[in-house]
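Here is the structure we will look at, set down as structure tokens.
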Amino acid sequence: MAKTHTPTPQSRGPSEHDIRDQIVEAATEYFGHYGYNKTTVSDLAKAIGFSKAYIYKFFESKQAIGEVICANRLSEITATVDAVTADTTSASEKLRRMFRALVDAGSHLFFHERKLYDIAAASASEAWPSVGHYEAHLKALVLDIVRDGREAGEFERKTPLDETANAIYLAMKPYINPLMLQYNLDNAAQHSSQLSNLILRSLAP
């Protein structure tokens with residue numbers, strides 16, 4: 001049965017941050033079980049034990065909650081990508097590892113957290129800010145890798161840098177964007193490896 005929580009004046013500040021985290025944690029579990037699209041704020045309020053009005057004190061909509069969950073998941077992916085590319089000086093190997101990590105992360109989310117994958121799909125379809133930040137991070141990483149490869153003599157220098165980096169990102173996008181990845185999951189690892197090889201051959205000096 002739902003119960004109404006009312007914050008006391010003394011509890012504002014850190015405790016409100018804790019409550020936001022509590023809502024996000026509960027919503028992640030609930031969305032993961034029932035799905036984002038099929039869940040209403042009322043459903044979520046009942047599951048958490050808060051009133052719907054109280055949840056709206058912290059989040060203006062269900063999308064706002066989904067946005068935080070999506071941002072958290074995408075941050076985990078970018079942290080993984082940054083980690084696997086940080087311990088090698090080879091630009092070619094960085095590109096391979098980046099692509100492999102992105103495909104592995106997307107495939108894992110689809111097959112093992114299918115309901116949360118729906119949030120990622122909604123975020124991509126509706127262009128949520130978290131997706132924009134995620135794509136900007138990946139594009140910047142590709143640009144840095146290409147620049148490093150050129151400086152090391154691994155990659156050609158004739159094509160404009162931004163054009164090269166953008167073309168690489170576009171080639172990777174079907175295996176990165178959740179709306180597109182779901183149609184490219186069959187042999188995704190093998191195909192992404194072949195695409196990486198093709199990209200790297202095109203970058204050879």
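Only a predicted model underlies this, so the values are computations on that prediction, with no experimental measurement involved.
In this structure, Glu25 places its CD atom where only 12 or fewer heavy-atom neighbours from other residues, nucleotides or ligands lie under 6.0 Å away. Residue-environment remark: CD (Glu29) stays at or below the threshold of 12 foreign heavy atoms within 6.0 Å. Around NE2 of His108, the count of heavy atoms belonging to other residues, nucleotides or ligands within 6.0 Å exceeds 12.
A continuous path of hydrophobic side-chain contacts links Ile199 to Leu161 [ILVMFWY only; heavy atoms under 4.5 Å]. By the rule that hydrophobic residues join a cluster once side-chain heavy atoms approach within less than 4.5 Å of another member, Val84 and Val146 end up as members of separate clusters. Hydrophobic clustering of Ile, Leu, Val, Met, Phe, Trp and Tyr side chains at less than 4.5 Å, counting indirect connections, unites Trp128 with Val24. Following chains of ILVMFWY side-chain contacts shorter than 4.5 Å, one can reach Tyr169 starting from Leu200, so the two form part of one hydrophobic cluster. No continuous path of hydrophobic side-chain contacts links Leu179 to Met172 [ILVMFWY only; heavy atoms under 4.5 Å].
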Start with the C-alpha gap between Glu156 and Arg150, add the side-chain angles, then the distance that decides, and say whether side-chain contact (heavy atoms from CB on, under 4.5 Å) holds.
-> CA-CA 6 Å; Glu156 59 87 14; Arg150 290 186 170 193; 3.7 Å; yes

Do Glu67 and Ser130 pass the side chain to side chain donor-acceptor pair (under 3.5 Å) test, and can you show the C-alpha distance, the side-chain angles, and the key distance before you say yes or no?
-> CA-CA 7 Å; Glu67 174 74 22; Ser130 57; 3.1 Å; yes

Would you sort out whether Thr164 and Phe155 count as a side-chain contact (heavy atoms from CB on, under 4.5 Å), showing the intermediate values?
-> CA-CA 10 Å; Thr164 300; Phe155 300 156; over 6 Å; no

Please lay out, stage by stage, how Phe59 and Ile23 fare under the test side-chain contact (heavy atoms from CB on, under 4.5 Å).
-> CA-CA 9 Å; Phe59 297 96; Ile23 293 172; 3.7 Å; yes

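Contact check for Tyr175 versus Leu195: side-chain heavy atoms found under the 4.5 Å cut-off. Within the 4.5 Å cutoff, the side chain of Glu135 has heavy atoms near those of the Lys173 side chain.
Nearest heavy-atom pair across Ser123 and Cys70 is OG-SG, 3.3 Å. Between Ile77 and Ala105, the shortest heavy-atom distance links the atoms CG1-CB, 3.9 Å. Between Leu143 and Ala165 the shortest heavy-atom distance is CD1-CB, 3.6 Å. The minimum heavy-atom distance between Thr78 and Ser75, with the atom names listed, is OG1-O, 2.9 Å. Listed here is the closest heavy atom pair of Ile55 and Leu44: CD1-C, 4.3 Å. Shortest non-hydrogen contact noted between Lys115 and Phe31 is CB-O, 3.1 Å.
Considering CG of Asn177 and CG of Leu181, their distance stands at 8.5 Å, rounded to 0.5 Å. The distance from the CG atom of Leu141 to the CG atom of Asp82 is 6.5 Å, given to the nearest 0.5 Å. The CZ atom of Arg96 lies 6.5 Å from the OG atom of Ser193; values are rounded to the nearest 0.5 Å. Between the CD1 atom in Ile145 and the CG atom in Leu95 there is a gap of 5.5 Å [rounded to 0.5 Å]. Here OG1 of Thr80 is found 12.5 Å from CE of Met98. Values are rounded to the nearest 0.5 Å. The CD atom of Glu163 lies 11.0 Å from the CD1 atom of Ile168; values are rounded to the nearest 0.5 Å.
Ser92 meets the side-chain hydrogen bond (donor to acceptor under 3.5 Å, both in side chains) test with Glu154; sequence neighbours excluded.
A side-chain donor from one of Asp43 and Thr40 sits under 3.5 Å from a side-chain acceptor of the other.
Under a 3.5 Å cut-off, the side chain of Ser196 and the backbone N or O of Ser192 do form a donor-acceptor pair. Distance alone, capped at 3.5 Å, places no donor-acceptor pair between the Arg100 side chain and the Ala189 backbone. At least one donor-acceptor pair closer than 3.5 Å links the side chain of Tyr117 to the backbone N or O of Pro178. Side-chain N or O atoms of Ser107 include none that pairs as donor or acceptor with a backbone N or O of Asp104 at under 3.5 Å.
Just one residue in the list Thr28, Val68, Ile119 forms a side-chain contact (heavy atoms from CB on, under 4.5 Å) with Arg73, and that residue is Thr28.
Salt bridge annotation for Asp87-Arg97: present, with a cationic side-chain nitrogen under 4.0 angstrom from a carboxylate oxygen. Under the 4.0 Å criterion applied to side-chain N and carboxylate O atoms, Arg147 and Asp144 are assigned as salt-bridge partners.
A cation-pi contact links Lys62 to Tyr36, judged by a cut-off of 6.0 Å to the six-membered ring centre and 45° from its axis.
The aromatic rings of Tyr30 and Tyr34 are tilted relative to each other, their planes meeting at an angle between 30° and 60°.
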